[in-house]
Amino acid sequence: IVVLGAPSTFIGGPQFACEGDTNTWNTTFINSTYYSWSAPGGIVVDTSNNFIDVSYPNAGTYSIVMNAINQCGSSNNTFTVTVNPYPAANAGPDTLICSNDPVTLTAAPGPGYFYQWRNGTQVIGNNSSVVVTPTVTTTYVVQVSVAGGCLSFDTVTVFVNSLSDTLTSVDATCLGTDGVSYASPSGGTPPYTYLWSNGATTMFVDSLTPGNYSCIITEASGCSITALTTIGGVTSLNPDAGITVAITQGQSTQLNGSGGGTYSWAPASDLSCTKCPNPVASPSVTTTYTMTVTDSAGCSLTDTVTVFVD
């Protein structure tokens, strides 16, 4: 003889729910058993014998009641559910920064809030605030949670004012004072202002001597960038044919030229070489020699030295 008792009334389901969500609570189904459910304060979305789907529109603590009856008797049970509100996720307003500038993103505070900031799939912070330095315009996501697992999300976009510039320059010629450079900014918000290292405030500068120059370009919202350029030209030529020399007739002397790339001496007579920096001169009469030095750009400068013959 098998003696059956009243049906089991164990209730399974979540102890915590989120405001407005639909959740399921159930019990083990037993043949020939009738189940009835009630959820005061909740909205019954569906019920069918051994389960009930309920949505709670308001936060609070609620009871789910189940009654079970079969030929051996009846029993009931109550299950307590705590319904939590969804947190108010607010990542703050979108913002505009200059390239390479840091910015602090701050989510609105709330009681018992937990935070997680993400850049795509990468977690970048677990506090209400996070400091970021994007190099391109980036949208960040903040996840806000409370006890019980209720999650809310919000996004904030950091727009990066990507100002860039190219300095186009023309080297100085053999004159040495006619180099030019001009700025070509892009990005940011026009109009642009300019401040060159030589004090110029225009987009185009001229009459530049060889050397290094910089230009600070600032756009309308205040973001700036510094661009660099080099003006080439005759920077290495410094011809020096040496000091005046006195010899007696029949003697020789070495000329000591310096300060050039390539050398050329004239007149060529009585010189041991004309394409070297230090030729030996053997003049029979007082002679003035001209040394011409030339750089790789084809620029030339000259100096002279006189050999007196007694």
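We count residues from 1, following the sequence as given.
Atom OG1 in T80 sits 11.0 Å away from atom CZ in F16 (nearest 0.5 Å). Between the CD atom in E219 and the CG atom in D165 there is a gap of 12.5 Å [rounded to 0.5 Å]. For the atom pair N26 CG and I64 CD1, the distance stands at 10.0 Å (nearest 0.5 Å). Within the model, atoms OH of Y213 and OG1 of T229 stand 10.0 Å from one another, a figure rounded to the nearest 0.5 Å. For the atom pair D53 CG and T24 OG1, the distance stands at 3.5 Å (nearest 0.5 Å). T139 OG1 to N119 CG: the interatomic distance, rounded to the nearest 0.5 Å, is 9.0 Å.
Counting heavy atoms from C-beta outward, V130 and Y115 have side chains that stay 4.5 Å or more apart. Between M291 and S264 there is no side-chain heavy-atom pair separated by less than 4.5 Å. Between P283 and I247 the shortest side-chain heavy-atom distance falls below 4.5 Å. The side-chain heavy atoms of V305 and I243, taken from C-beta on, include no pair separated by under 4.5 Å. Between N67 and S74, the closest side-chain pair of non-hydrogen atoms is not below 4.5 Å. Contact check for T27 versus N77: no side-chain heavy atoms found under the 4.5 Å cut-off. Put simply, the side chain of L255 reaches to within 4.5 Å of the side chain of L271, judged on heavy atoms. Side-chain atoms of P134 and I97, non-hydrogen and from C-beta on, do get closer than 4.5 Å to each other.
Counting non-hydrogen atoms of neighbouring residues, nucleotides and ligands closer than 6.0 angstrom, the CZ atom of F10 reaches no more than 12 such neighbours. Under a cut-off of 6.0 angstrom, the local environment of CZ in F51 is crowded, with over 12 non-hydrogen atoms contributed by other residues, nucleotides or ligands. Atom CZ of F114 is surrounded by 12 or fewer heavy atoms from other residues, nucleotides or ligands within 6.0 Å. Residue-environment remark: OH (Y34) stays at or below the threshold of 12 foreign heavy atoms within 6.0 Å. Surrounding CG of L228 are more than 12 heavy atoms belonging to other residues, nucleotides or ligands, all under 6.0 Å away.
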Exercise. Does the pair T294 and S300 meet the rule for a side chain to side chain donor-acceptor pair (under 3.5 Å), with working shown?
Worked result: CA-CA 4 Å; T294 304; S300 298; 2.8 Å; yes
For this session: Tell me, with the steps shown, if S99 and V160 meet side-chain contact (heavy atoms from CB on, under 4.5 Å).
Result: CA-CA 6 Å; S99 183; V160 178; 4.1 Å; yes
For this session: Might you work through the side-chain contact (heavy atoms from CB on, under 4.5 Å) test for V81 and W25, ending with a clear yes or no?
Result: CA-CA 10 Å; V81 180; W25 289 266; 3.7 Å; yes
Problem set entry | side-chain contact (heavy atoms from CB on, under 4.5 Å) evaluation trace for T201 with Y194 | CA-CA 5 Å; T201 57; Y194 308 88; 5.6 Å; no
For this session: Test side-chain contact (heavy atoms from CB on, under 4.5 Å) on D154 and S152 and set out the steps.
Result: CA-CA 7 Å; D154 194 26; S152 295; over 6 Å; no
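Hydrophobic clustering of Ile, Leu, Val, Met, Phe, Trp and Tyr side chains at less than 4.5 Å, counting indirect connections, keeps L96 apart from V156. Under a hydrophobic clustering in which Ile, Leu, Val, Met, Phe, Trp and Tyr are joined whenever their side-chain heavy atoms come within less than 4.5 Å, directly or via other members, V141 and V123 fall into different clusters. If you chain together hydrophobic residues whose side chains sit under 4.5 Å apart, Y289 and L301 fall into the same group. Following chains of ILVMFWY side-chain contacts shorter than 4.5 Å, one can reach V205 starting from Y192, so the two form part of one hydrophobic cluster. In this structure, L195 is not a member of the same hydrophobic cluster as L163, with clusters built from ILVMFWY side-chain heavy atoms closer than 4.5 Å.
Listed for the N161 side chain is a donor-acceptor partner under 3.5 Å among the backbone atoms of G188. Side-chain N or O atoms of D178 include none that pairs as donor or acceptor with a backbone N or O of A172 at under 3.5 Å. No side-chain donor-acceptor contact under 3.5 Å links E19 to the backbone of Y86. The backbone N or O of N49 lies less than 3.5 Å from a partner atom in the side chain of W37, making a donor-acceptor pair. A distance-only check finds no donor-acceptor pair linking the side chain of S48 to the backbone of I52 [under 3.5 Å]. With hydrogens and angles ignored, the 3.5 Å screen pairs no side-chain donor or acceptor of S224 with any backbone N or O of T218. Of the possible donor and acceptor atoms, one in the side chain of Y35 sits under 3.5 Å from a partner among the backbone N and O of I30. Put simply, the side chain of Y113 gets close to the backbone of A88: a donor and an acceptor are under 3.5 Å apart. A donor-acceptor contact shorter than 3.5 Å is absent between the side chain of S169 and the backbone of I231. A donor-acceptor pair is defined here as one N or O able to donate and one able to accept, closer than 3.5 Å; no such pair exists between the side chain of T274 and the backbone of W265.
Across I217 and P185, no two heavy atoms sit closer than the pair CG2-CB, 3.9 Å. Among all heavy-atom pairs drawn from P40 and S63, the shortest one is CD-O, 3.3 Å. Residues S145 and L151 approach most closely at CB-CD2, 3.1 Å, considering heavy atoms. Closest approach of Y56 to A39, counting heavy atoms only: OH-CB, 3.8 Å. A pairwise comparison of heavy atoms in D270 and S284 identifies OD2-N, 4.3 Å as the closest pair. Y140 and I124 make their closest contact through CD2-CD1, 3.6 Å (heavy atoms, listed as atom of the first residue, atom of the second, distance).
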